[in-house]
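Quick notes on the structure that follows.
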Amino acid sequence: MPGGFQFSRKPANRATMLQTQTLYSEFSGYLAAALDALEAAGTLPGGLNRGAITVEPPRDASHGDLSTNAAMVLAKPAGTNPRVLAEALVAELAKLPAVTEASIAGPGFINLRLSDATWIAELRAIAALADAYGRSNMGGGSTVNVEYVSANPTGPMHMGHCRGAVVGDALATLLEWSGHKVIREYYVNDAGGQVDVLARSVHMRYREALGEDVGEVPEGLYPGDYLVPVAQELAAEFGDKYVAAPEGDWLILFRTRAVAAMLVMIKEDLALLGISHDLFSSEAELQAAGKPEQAEAWLRAHDLVYDGILEAPKGKTIEDWEPVALPLFRSTKFGDDQDRPIKKSDGKWTYFGADLAYHFQKAESADALVDIWGADHAGTVKRIRAAVAALTEGAGKQIPFEVKLVQMVQLLRNGEPVKMSKRSGNFVTLADVVREVGKDVVRFTMLTRKPEAQMDFDFAKVVEASKDNPVFYVQYAHARIRSTLRKGEGEGIVPADAALDRLGEEELALVKLAAQFPRLVEAAAAAREPHRVAFFLYDLAAALHSYWNLGNDKPEKRFIVAQDQALSGARLYLAAQIGQLIRNGLAILGVEAVEEM
RNA sequence: GCGCCCGUAGCUCAGCCGGAUAGAGCACCAGAUUCCUAAUCUGGGGGCCAUGGGUUCGAAUCCCGUCGGGCGCACCA
C-alpha cells in the first residue's frame, strides 16, 4: 500500500526521543517504502536482497543532498536496466514533501535535493538535542570493555605509550556516544620478572637512601631516579632492616610498594592527558585467584592444551637450543606457526598463559572486548584471539574480541630519531611532552591519522609549529563563534529561531555538513576509528572559517547584520549550533573547546 | 624464512562496509584585513593512487602475485 507510510519529517519527535535515527537512515526508510510500492505495483519483483543499497551524501555537493545506488544494485537481479528502474524510483521519491528534486545521473545514481525546510528542521534538531546531538543507541546498551595503556608498572609513562592511550580513550568515548556501556580497563602486569627487577632497583635506591654509595647503577636494573622517593619512604619506615637481608625477605614488600608507587605516577601522567580508567586489574590477583588454572583445565579438557615439546623458534638460529617439555596451547590450529607455552619450565605462568585467563575474566562482565595494543605485539594476536574464542564459546557466551593495533610512533627531534630505552633511563616522558605542547595538541595530533599507519612525532616541529596544528584551527572556529555570540549579546541580539527561513544557501551548506555528524559518529564507532571525528571537525571548521570570510567582502553575509535583528538572530542561532557541534566532536576526542584564543 | 601493518601531490596525511572529473594541510605562485579575532579566507600549478593480474555495471578501496618500508617471531613483557 504505497500511501500507507508517512513522508513528513517530525524533528520534534527525533529530538525528544533521542533515538539513533539520522537524516540518512530516515531516508533509507522512505526508500524502502518506495521499493515496497514498486513491488506492490509489479514494477519490481519481490524478495530482492537490499543489503547493498546505500543512502548517503554524494561526494560532490553539486549532485544534490542525498544519493542512492538502489537502481544500480537492484537492476541486475530484477532483470531490468538501471535507468528504467531509476525512473520508476524517482517517480515514487519525488512524491516526498521533503524532496524538491529527484534526478538520475551517471550510471544510475538517484540524486535527491531536499527542501530548505528539511535542513532547517535538522538545525532545530541540533539545538534540541544539544550536547546529545550525535549520540545514538546503536550499541543497544551492550557493554564493551576497552583495555588500553596497560603499560608495565615499572616507571612513568613515556611517549611510546601515548598513541595507544589517546586512541583507546577516544575510542572508549566514541563507543559511549554510540550507545555502549564502556569499561575502561588497565591491565597491571605486576606478576612478571620485570616487577622483580623493579623491586631490586628500589632496593638499591633504598641502600643509597641509607647512605650507601651505590655508584653506577648496575646493568639490568632500572636507573631512573623516580624510584628514589619510594626507596626513601621504605628507608624511613624500615631503617636498615633489609639492607643485608636475603632477597626473599624483602622482595615481595619492595615489589608491592614500588608497583603501588609506579601506579600512582602513571595515573598522574594519564590525568595530564585527561585519561582515567574505570578499572585496574592486577595480574598478581588474577593468578592468586587461580584463574589461569581454571582456564588451563578447560583448555586441556578440550584438547587445546597438551604437554608437548617446545620447538626452536623459526627463522632464528639459537645456538644452545634445547627442546623442553611444557604445557602448550594449540595455536597452530589457528594460524600460528608454532604451539605456544602457557607455563614456563619453572612452573610459573607465561605472559600468554595469564593473559588468556585475564581475557576470560574480562569476558565475564562484558559483551565485547577491545584491546589496544602496540604493533610490536602483533605476533601474539592470533593465539590470544584463538584462546579467547575457545574459552568464551566454551562458557556458552561467544564474546567478540578485537585487537586494535596501534603502530609505532617514531620520535624525532629536529629530524633525528630519539632513541628510547627504559632500561637505560633514556626516554622522553609523556609528562614532559604534555607540559611542553599541551594536552590538546598531543591528543589531536595522535588522532589525526589512522592508528594502523606509522607516524613520526617530531618534538621540535610540534612545539615550534604548534600554531599550525589542526587542533588550533578547530578551536579557533569555536572561539570565533563564541566571540560572535558575545558580541551579539552585547548588542542585544541573541540566537533566535523565528526567522530561520531567511537562512540562505551558504548558511544551509553549513547545516548540511553538520547533519552528517550523527552518521559519522556511528560509522566511526562501528569501525573503531576515532580519527574520523577529528577529520570531520577539521572540515566543519574549514566551512565555518570560509563562511566567516564571506563577511569580509560582503557585510550582509556576516553573522551580525546591522539593522536586521531577525536575520542576525537566525544566523546566531546557526552559529550557536555549529559551536555546539564542535564541542560535541571535541568532547569525543577529549579536547577542550576554548572560548577565546 | 614466516606472520601482521603500511605504500595516494615535492613533504605530512584523508578518502566513510566499491560509486560519479582522486581531496586537504605544508611548501611554491598570485590575491583578500577602515570590519564579529588574518591562529582566517580566495584562486593557481602539482598524482600511471608502488607494480602486474583477477572479481565487478563500476576498484585507490575487495582477492592473488611482485617490489619497497615498518614491526614481530624463546620459557621476555
Side-chain angles (χ1 to χ4, degrees), chain A residues 51-52 54 56-60 63 67 69 72-73 75-76 81-82 105-109 111 150 152 154 189 192-195 310-316 318 321 324 326 335-338 340-346 348-353 355 374-382 405 407-408 410 448-456 461 465-470 472-473 475-477 479-481 483-488 490-491 516 519-520 523-524 526-527 529 531-532 534-536 538-539 541-542 544-553 555 558-560 572 575 596-597:
Chain A
T54 58
E56 51 193 12
R59 285 263 164 92
D60 185 339
H63 289 135
S67 172
N69 61 356
M72 289 184 291
V73 170
K76 200 174 181 184
N81 80 61
F109 286 102
N111 293 323
S150 300
N152 283 333
T154 55
N189 300 128
Q194 79 285 353
V195 282
L310 184 64
E311 295 167 32
K314 307 271 197 298
K316 269 194 174 179
I318 292 165
W321 178 260
V324 55
L326 289 172
D336 210 344
D337 55 0
Q338 58 183 238
R340 305 289 173 171
I342 60 168
K343 274 184 180 173
K344 308 185 228 177
S345 44
D346 66 1
K348 290 182 179 165
W349 297 99
T350 61
Y351 183 85
F352 173 58
D355 203 29
D376 51 343
H377 292 90
T380 66
V381 171
K382 275 185 180 168
L405 289 177
Q407 288 293 324
M408 301 285 101
Q410 163 98 311
T448 40
R449 59 211 64 209
K450 53 177 186 251
E452 63 269 26
Q454 296 150 225
M455 76 181 279
D456 289 347
K461 220 167 174 178
S466 63
K467 281 176 83 172
D468 294 332
N469 195 296
F472 292 113
Y473 186 82
Q475 287 180 320
Y476 184 41
R480 273 186 153 172
I481 288 168
S483 151
T484 305
L485 291 171
R486 284 193 299 269
K487 162 106 177 166
E491 296 175 13
Q516 295 185 33
R519 179 176 174 272
L520 175 112
E529 291 185 347
H531 75 276
R532 291 188 196 181
F535 282 96
F536 174 80
Y538 189 88
D539 289 345
L544 188 278
H545 288 310
S546 183
Y547 178 77
W548 178 284
N549 277 273
L550 276 181
N552 276 341
D553 291 336
R558 293 180 192 167
F559 282 105
I560 299 167
L572 288 181
E596 57 188 339
M597 291 180 73

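In what follows, chains are A, B, ... by sequence order, proteins preceding strands, each numbered from 1.
If you check B:C48 for Watson-Crick or wobble pairing at under 3.5 angstrom, you find it has no partner at all. Using N1 to N3 plus N6-O4 or O6-N4 for Watson-Crick, or N1-O2 and O6-N3 for G-U wobble, each under 3.5 Å, B:C36 pairs with nothing. Applying the Watson-Crick and G-U wobble criteria (two distances, each under 3.5 Å), B:G23 pairs with B:C13. With a cut-off of 3.5 Å on both Watson-Crick or G-U wobble distances, the partner of B:A60 is given as none. Across the strands present, B:G7 finds its partner in B:C67; the criterion is a Watson-Crick or G-U wobble pair with both atom distances under 3.5 angstrom. Base pairing analysis places B:C2 opposite B:G72; the two distances defining the Watson-Crick or G-U wobble pair are each below 3.5 Å. Pairing partner, B:G18: none, since no Watson-Crick or wobble contact has both distances short of 3.5 Å. Applying the Watson-Crick and G-U wobble criteria (two distances, each under 3.5 Å), B:G31 pairs with B:C41.
The base of B:C75 is not paired with the side chain of A:Thr350 by any donor and acceptor separated by under 3.5 Å. At a cut-off of 3.5 angstrom, counting only N and O atoms as typed in the model, there is a donor on one side and an acceptor on the other between the side-chain of A:Ser67 and the base of B:A20. Not a single donor-acceptor contact under 3.5 angstrom links the side-chain atoms of A:Asp539 to the base of B:A14. Remark: the A:Gln407 side chain and the B:G70 base include no donor-acceptor N/O pair separated by less than 3.5 Å.
Residue A:Arg340 places its side chain closer to B:C75 than to any other of B:A38, B:C75, B:U40. Distances were taken from every side-chain heavy atom of A:Ala453 (C-beta onward) to each of B:C76, B:U40, B:A14; the shortest belongs to B:A14. With B:C75, B:A38, B:A39 as the candidates, the nucleotide lying closest to the side chain of A:Leu326 is B:C75. When distances are taken from the side chain of A:Arg449 to each of B:C5, B:A77, B:A14, the shortest belongs to B:A14.
With hydrogens and angles ignored, the 3.5 Å screen pairs a side-chain donor or acceptor of A:Asp346 with a backbone N or O of A:Lys348.
Within the structure, a side-chain polar atom (N or O) of A:Ser546 is placed less than 4.0 Å from OP1 or OP2 of B:U42. The side chain of A:Lys382 contributes no N or O atom lying less than 4.0 Å from OP1 or OP2 of B:G3.
Residue ring and base: A:His377 does not count as stacked with B:G72 (centre distance below 5.5 Å and interplanar angle below 30° not both satisfied).
As rounded to the nearest Å, B:A24 and B:G15 have P atoms that lie 15 Å from one another. Distance check on atom C1': B:A22 versus B:G46 gives 14 Å, rounded to whole Å. B:C41 sits 10 Å from B:U33 when the C1' atoms are compared, rounded to a whole Å. Between B:G45 and B:A30, the distance separating the two C1' atoms is 11 Å to the nearest Å. Rounded to whole Å, the P atom of B:G52 lies 16 Å from the corresponding atom of B:U8. As rounded to the nearest Å, B:C63 and B:G18 have P atoms that lie 11 Å from one another.
Judged as a ring pair (Phe, Tyr, Trp, His ring centres under 6.0 Å), and not counting sequence neighbours, the contacts of A:Tyr473 are A:Tyr538, A:His545.
If A:Arg486 and A:Arg532 are placed on RNA chain B by their nearest nucleotide, the residue sitting closer to the 5' end is A:Arg532.
To the nearest angstrom, C1' of B:C17 lies 11 Å from CZ of A:Arg519. The nearest whole Å value for the distance from the NE2 atom in A:His545 to the P atom in B:A38 is 10 Å.
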